[in-house]
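Both backbone and side-chain heavy atoms feed into the values below; hydrogens, waters and symmetry mates do not.
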Amino acid sequence: MSAPVCAVFTIFGGTGDLARRKVLPALYALHRAGKTGEQCLVLGVARETALGDDGYRQLVTDALAKGGVPAADARAWADHYVWYQTIDDGGPEDYAAIGDKIRGIERERKLPGNRVFYLAIPPAAFASTVEGLGEAKLNTSPGWTRLVIEKPFGRDLASARELNALVHRWFQESQIYRIDHYLGKETVQNLLVFRFSNAVFESLWNRDHVDSVQITVAEDIGIGSRAGYYEQAGVVRDIIQNHATQLLALVAMEVPAAFDADAIRSEKIKALRQVGLIDTHEIVLGQYGAGMVDNAPVAGYRDEPGVARDSRTPTFAALKVEVDSWRWQGVPFYLRAGKRMARRLTEIVVHFRRAPVWLFEHSGGRDLRSNVLRLTIQPDEGFALYFNAKAPGQPMDLERLPLDFNYKEQFAELPEAYQTLLLEVLDGDQTLFVHADEVETAWALYAPVLDGRQRIIPYEAGTWGPYEANDLLQREGNHWFYH
Ligand code: BG6
């Protein structure tokens, strides 16, 4: 473990949902685990004028208590490690006041001037906040300064480029940590270990042995109270461009020259650049209607609060991409993501090539002909290699069975993604963060799907999406892995 870090961790949007549900609990958990040490201090910044240090400490206490932390422990942490600063209209005097507050805390605690600025704010406020920080010269400090930006980073290639240009005006790429919280998940990080430490799989990881790859990010939840955001985003911007594409990059990338941020990120970027233009005939977009989830009736998307009755926002997407590289030429990668699906499931399924000659024609279904590797990102984290065995008795019958590994059976607890990511920010390791080129390349891929002109097919909540998503695979002799 690296040495505990001294820093002032400033959270813009310090009273918001993300700060209360994810960022503050992660900072607290890191503190409790002794990973951040005595000198990692938190400054919440938000518009609430009446709050003050004391009011914010109570808000932090309540937020942590809601997540199960004993209130007395939460309050003791807040009293010792947490401060608050109001921001008004975001003018220069606001940023000057934030700078004064940070310098005051650094003087009081004799800190060397290391600073993190975490933008837990709506995307519309990213640019003005970065500019405010830059103009107040808060982009540099006596120690190091790092900027953490939540997704979504832009809403298409042009806006992502614009935002990158603006951020680069004030911050070096080495100071910028673009979050995709999937990269903080243990099981996602394990993809690198799985691929690059197990020679047996790496030698099979190519077009000679792999027939197709499926990546699914399915959620059973709807959009809750997030209509304001989701109506503008839709599933391609919300999940496919980032989380699903990160999984694609980790599966498709070449072996990096070293296990470090530059080498890994540059291989991911290369892999994404090799993805061919998506054919609009190979995209299925859907929107959930009413249905049953977990045996309870749920409303359709257009009946969710805040959603337009004639909304054309997709809540489901399935599409095929091809990676034009020596390794993957001709191997389809099917991506699928959706809300209100049959169940929560994120997984990567690698279908290996079928046995060239099949001797067991009358001994089981055609699925038996290929081995399958299933990497489950969540829930039931783990992996399974499906192979065939003879079922006992006569006549000869074959069954496909998993040889599996389950994380939770093996390891006590999986850390929350945000804990991992925040610790990496404090340690200055960018491996798990998205590079400027990567985010732009990912937006470029989905340009054909972002113009809002695609047909949106209704599907019933609690299912695996529109039938056309099955068709997408069936016309190539494939089908989604059976659950
Ligand atoms: C977020 C999306 O990035 O990821 C949400 O904005 C989605 O819409 C969430 O629900 C899923 O995250 P997880 O960790 O629950 O898979």
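For the atom pair CG (Leu422) and CG (Asp427), the distance works out to 11.0 Å, reported to the nearest 0.5 Å.
For the residue pair Gln474 and His479, no side-chain donor N or O sits within less than 3.5 Å of a side-chain acceptor on the partner. No hydrogens or angles considered: a donor-acceptor pair under 3.5 Å links the side chains of Thr315 and Tyr459. Between the side chains of Arg169 and Asn139, no donor-acceptor pair is found at a separation under 3.5 Å. Residues Ser311 and Arg302 bring no donor and acceptor atom of their side chains to less than 3.5 Å of each other. For the residue pair Thr187/Asn190, the side-chain donor-acceptor check at 3.5 Å is not satisfied. Side-chain contact of Thr313 with Glu231: a donor-acceptor pair under 3.5 Å is present, judged by distance alone.
The six-membered or imidazole ring of Phe405 lies away from that of Phe194, with a centre-to-centre distance of 6.0 Å or more.
For the pair Arg344 and Asp220, the salt-bridge criterion is not met [side-chain N within less than 4.0 Å of a carboxylate O]. Using a 4.0 Å cut-off between charged side-chain N and carboxylate O, Lys185 and Glu381 make no salt bridge. Between Lys408 and Asp380, none of the side-chain N atoms (NZ, or NE/NH1/NH2) sits under 4.0 Å from a carboxylate O, so this pair counts as no salt bridge. For Lys268 and Glu438, the salt-bridge test passes: some basic side-chain N is under 4.0 Å from an acidic carboxylate O.
Of all the heavy atoms in Gly286 and Pro466, the pair that sits closest is CA-CG, 4.3 Å.
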